[in-house]
Engineer: 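Could you have a look at this structure, given as structure tokens, before my questions?
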Amino acid sequence: MGQTQPEEAPKTVRRAVKRPQPKLDAQRLTSQRGLPALRHLFDGIKFKGKGHEAEDLKILIRQMENWAHRLFPKLQFEDFLSRMETLGNKKEVQTCLKRIRMDLPILHEDFASEEVVIQKEDDGPDFASEEFPALPGSPPPSLSQSSVVELSEETLQRIERNRRLAMEKRMQKMQAQAESQGTTCT
């Protein structure tokens, strides 16, 4: 009897299960739990006011730390803030902040609830989905008629004057660029 080698059992190949690590990026920051959640973060909190600034600041920072931890638990608050500073330069984040400041819809739920208001106020074409500022005197599309703040005639004139000045400056800048490109090409 000769040497016989034991039969090799087929080896099972282990496959690595890929678990992508969540990242703190612009998409996560503009998600429902991100910057839009800050709108209602301090709804139930009452600050004590003058003479209690240290306590109020402590409450404010604790709430912000809690929000940061819910958004991205892996980072310490200081690291989260430094990451936020870099993400703040991204166009997507800046647009989200502008929409929050202007009280425009950000999330899909906001778009769904705002469509009803826009259809009821149907005064003309629907520009709610575009990122153009409303005309002076007309309310932003996200506001219902009951929450519209009337602007004085003086404020409307100032807005119109500033808009005209901005357009003139823009035209001058564009002309200067066109002239400079014309002189460099010849």
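The structure displayed is predicted, hence computed values, not measured ones.
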Engineer: Should Lys98 and Thr95 count as side-chain neighbours, where that means a heavy-atom distance under 4.5 Å?
Structural biologist: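 Side-chain contact under 4.5 Å: no.
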Engineer: Specify the closest pair of heavy atoms between Pro36 and Ser31, including all atoms of both residues, with the distance to one decimal.
Structural biologist: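 Closest approach of Pro36 to Ser31, heavy atoms only: CD-O, 3.2 Å.
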Engineer: Mind listing the closest non-hydrogen atom pair of Asp25 and Arg83 along with its distance?
Structural biologist: CA-NH2, 4.4 Å
Engineer: Could you tell me if the side chain of Leu24 sits less than 4.5 Å from the side chain of Leu71, heavy atoms only?
Structural biologist: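 With C-beta onward as the side chain, the pair touches.
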Engineer: Give, for atom CD of Glu85 and atom CG of Leu87, the distance between the pair rounded to the nearest 0.5 Å.
Structural biologist: 10.5 Å
Engineer: Write out all pairs satisfying salt bridge (Lys or Arg N to Asp or Glu O under 4.0 Å) with one or both partners inside residues 61-82, taking only residues at least two apart or from two chains.
Structural biologist: none
Engineer: If every non-hydrogen atom of Ile45 is compared with every non-hydrogen atom of Leu41, which pair is closest and at what distance?
Structural biologist: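 Between these two residues, the closest heavy atoms are CD1-O, 4.3 Å.
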Engineer: With rounding to the nearest 0.5 angstrom, report the CE to CD distance, Met174 to Glu179.
Structural biologist: 12.5 Å
Engineer: If you count the non-hydrogen atoms of other residues, nucleotides and ligands that lie under 6.0 Å from CZ in Arg28, is the total more than 12?
Structural biologist: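 Correct, the count exceeds 12.
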Engineer: What pairs with Glu92 under side chain to side chain contact (heavy atoms under 4.5 Å, CB included), at least two apart in sequence or on another chain?
Structural biologist: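 For Glu92, the residues satisfying side chain to side chain contact (heavy atoms under 4.5 Å, CB included) (neighbours in sequence not counted) are Ala26, Gln27, Thr30.
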Engineer: Using the test side chain to side chain donor-acceptor pair (under 3.5 Å), find all partners of Thr155 that sit at least two apart in sequence or belong to another chain.
Structural biologist: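 For Thr155 the side chain to side chain donor-acceptor pair (under 3.5 Å) partners, ignoring immediate neighbours, are Ser152.
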Engineer: Under 4.5 Å between any side-chain heavy atoms of Ser82 and Thr86, yes or no?
Structural biologist: no
Engineer: Work out which heavy atom in Phe42 is nearest to a heavy atom in Met64; give both atom names and the distance.
Structural biologist: CZ-SD, 3.9 Å
Engineer: Report the residues that fulfil side chain to side chain contact (heavy atoms under 4.5 Å, CB included) with Arg161, sequence neighbours left out, ordered by chain and then residue number.
Structural biologist: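 Arg161 satisfies side chain to side chain contact (heavy atoms under 4.5 Å, CB included) with Arg158, Arg164, Leu165 once adjacent residues are dropped.
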Engineer: Is the closest side-chain heavy-atom distance between Leu35 and Met84 below 4.5 Å?
Structural biologist: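 Yes - at least one pair of side-chain heavy atoms lies under 4.5 Å apart.
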Engineer: For a quick test of reading the model, state the closest non-hydrogen atom pair linking Ile100 to Arg39 and the distance between them.
Structural biologist: CA-NH2, 3.8 Å
Engineer: List in chain and number order the residues that pass ring-ring contact (aromatic ring centres under 6.0 Å, His included) with Phe80, two or more places apart in sequence or in another chain; answer none if no residue qualifies.
Structural biologist: Trp67
Engineer: Do Gln63 side-chain atoms and Ile61 backbone N/O form a donor-acceptor pair below 3.5 Å?
Structural biologist: no
Engineer: Suppose we screen for salt bridge (Lys or Arg N to Asp or Glu O under 4.0 Å). Which residues come up paired with Lys48, at least two apart in sequence or across chains?
Structural biologist: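 Per chain and number, Lys48 pairs via salt bridge (Lys or Arg N to Asp or Glu O under 4.0 Å) with Glu55.
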